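Down below is the structure, laid out as structure tokens.
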Amino acid sequence: PPHQYLNKINNFNPIAGDAKDLEAQQIARDELAKALFAGVNDELEDLSQEQRDALVQRAFQHSALRARRPVIWIPRDDLGVSDDEIVRMGKFSGNLWVSNVRQGLDGKGRCVYSGAPPDFSEVEIIKL
């Protein structure tokens with residue numbers, strides 16, 4: 001089902017669209033978010049004891065110490081261009097995190113996601 005929501009979002013024309021189209025696009029985005037993140041623990045009670053301990057340990061650290069290095073998330077392609085680009089960027093700088101896991105291109109060249117980004121953490125979405 002995430003593919004049909006992506007199609008609604010990708011086929012939206014903001015110049016020719018009207019308010020109903022905007023509402024339909026927002027609904028499609030909400031449904032896509034639900035489809036991608038269904039089953040993700042976002043409440044403290046949903047976590048295991050080990051995950052709660054990790055959360056408490058991080059809760060009192062300064063935000064600069066908690067910050068994760070963001071990932072440059074590029075889609076995987078059949079020609080291997082993304083794999084080559086990951087190698088080239090790694091040689092250019094060891095400080096860049098580039099990944100193409102759980103993302104690819106469909107037959108029309110649009111991005112298709114099969115899961116959360118590599119830098120996603122369930123612990124970080126829980127607000128204390």
Side-chain angles (χ1 to χ4, degrees):
H3 297 286
Q4 70 187 130
Y5 304 128
L6 277 172
N7 288 338
K8 286 182 187 177
I9 293 169
N10 289 335
N11 293 330
F12 176 72
N13 182 352
I15 296 172
D18 59 4
K20 289 182 182 178
D21 291 336
L22 287 172
E23 292 172 6
Q25 184 184 20
Q26 184 60 42
I27 290 170
R29 285 181 195 229
D30 293 343
E31 290 171 352
L32 176 64
K34 287 177 189 174
L36 287 176
F37 297 110
V40 174
N41 297 327
D42 60 350
E43 296 291 333
L44 192 58
E45 294 81 21
D46 296 338
L47 299 176
S48 67
Q49 185 62 40
E50 294 82 23
Q51 290 172 323
R52 280 189 221 153
D53 291 343
L55 182 64
V56 169
Q57 182 180 8
R58 294 188 52 176
F60 299 103
Q61 288 180 339
H62 189 275
S63 60
L65 298 174
R66 286 195 312 246
R68 297 179 61 159
R69 182 173 54 160
V71 65
I72 301 171
W73 199 27
I74 58 176
R76 182 171 301 209
D77 59 296
D78 293 336
L79 297 175
V81 174
S82 65
D83 296 325
D84 185 47
E85 194 62 27
I86 290 171
V87 171
R88 287 176 28 128
M89 288 178 145
K91 288 179 183 176
F92 176 74
S93 173
N95 297 322
L96 294 175
W97 180 16
V98 184
S99 176
N100 62 0
V101 298
R102 294 187 299 275
Q103 184 180 16
L105 297 173
D106 66 2
K108 294 183 178 181
R110 294 180 296 197
C111 290
V112 178
Y113 309 96
S114 62
D119 59 349
F120 177 76
S121 170
E122 290 182 5
V123 174
E124 291 180 3
I125 64 171
I126 296 176
K127 296 184 179 177
L128 298 175

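It should be emphasised that the depicted structure is a prediction, and the values quoted were computed from it without experimental measurement. The basis for the numbers below is simple: all heavy atoms, side chains too, and nothing from hydrogens, waters or symmetry mates.
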Review point. Which heavy atom of Pro75 sits nearest a heavy atom of Cys111, and at what distance?
Key: CG-SG, 3.9 Å
Practice item. State, to 0.1 Å, how close Gln61 and Gln57 come at their nearest heavy-atom pair, and which atoms those are. Key: CG-O, 3.9 Å
**Study point:** Closest contact, heavy atoms only, Val112 versus Leu105
**Key:** CG2-C, 4.5 Å
Check your understanding: Would you say the side chain of Trp97 lies within less than 4.5 Å of the side chain of Asp119, judging by non-hydrogen atoms?
Key -> yes
Review point. Going only through I, L, V, M, F, W and Y residues with side-chain contacts under 4.5 Å, is there a path from Val98 to Phe92?
Key: yes
Check your understanding: Got a sec, which pairs hit ring pair (Phe, Tyr, Trp, His ring centres under 6.0 Å) with one end in residues 61-80, sequence neighbours left out?
Key -> Trp73-Tyr113
Exercise for review: Before giving the answer on side chain to side chain contact (heavy atoms under 4.5 Å, CB included), spell out for Lys91 and Arg88 the whole-Å C-alpha distance, their side-chain angles and the decisive distance to 0.1 Å.
Suggested key: CA-CA 5 Å; Lys91 288 179 183 176; Arg88 287 176 28 128; 5.8 Å; no
Exercise for review: Following the transitive rule for hydrophobic clusters with a side-chain heavy-atom cut-off under 4.5 Å over Ile, Leu, Val, Met, Phe, Trp and Tyr, establish whether Val71 and Ile74 coincide in one cluster.
Suggested key: no
Point to revise | Cluster companions of Val81 among Ile, Leu, Val, Met, Phe, Trp, Tyr (side-chain spacing under 4.5 Å) | key: Leu79
**Study point:** Nearest atoms (heavy-atom pairs only) where Ser82 meets Asp77
**Key:** N-OD1, 2.8 Å
Review point. Hey, does the side chain of Gln103 reach the backbone of Asn100 with a donor-acceptor pair shorter than 3.5 angstrom?
Key: no
Check your understanding: If Ile, Leu, Val, Met, Phe, Trp and Tyr residues are connected whenever their side-chain heavy atoms lie under 4.5 Å apart, and connections chain through other members, are Val87 and Leu96 in the same group?
Key -> no
Review point. Is a side-chain N or O of Arg69 found less than 3.5 angstrom from the main chain of Asn95, in a donor-acceptor match?
Key: yes
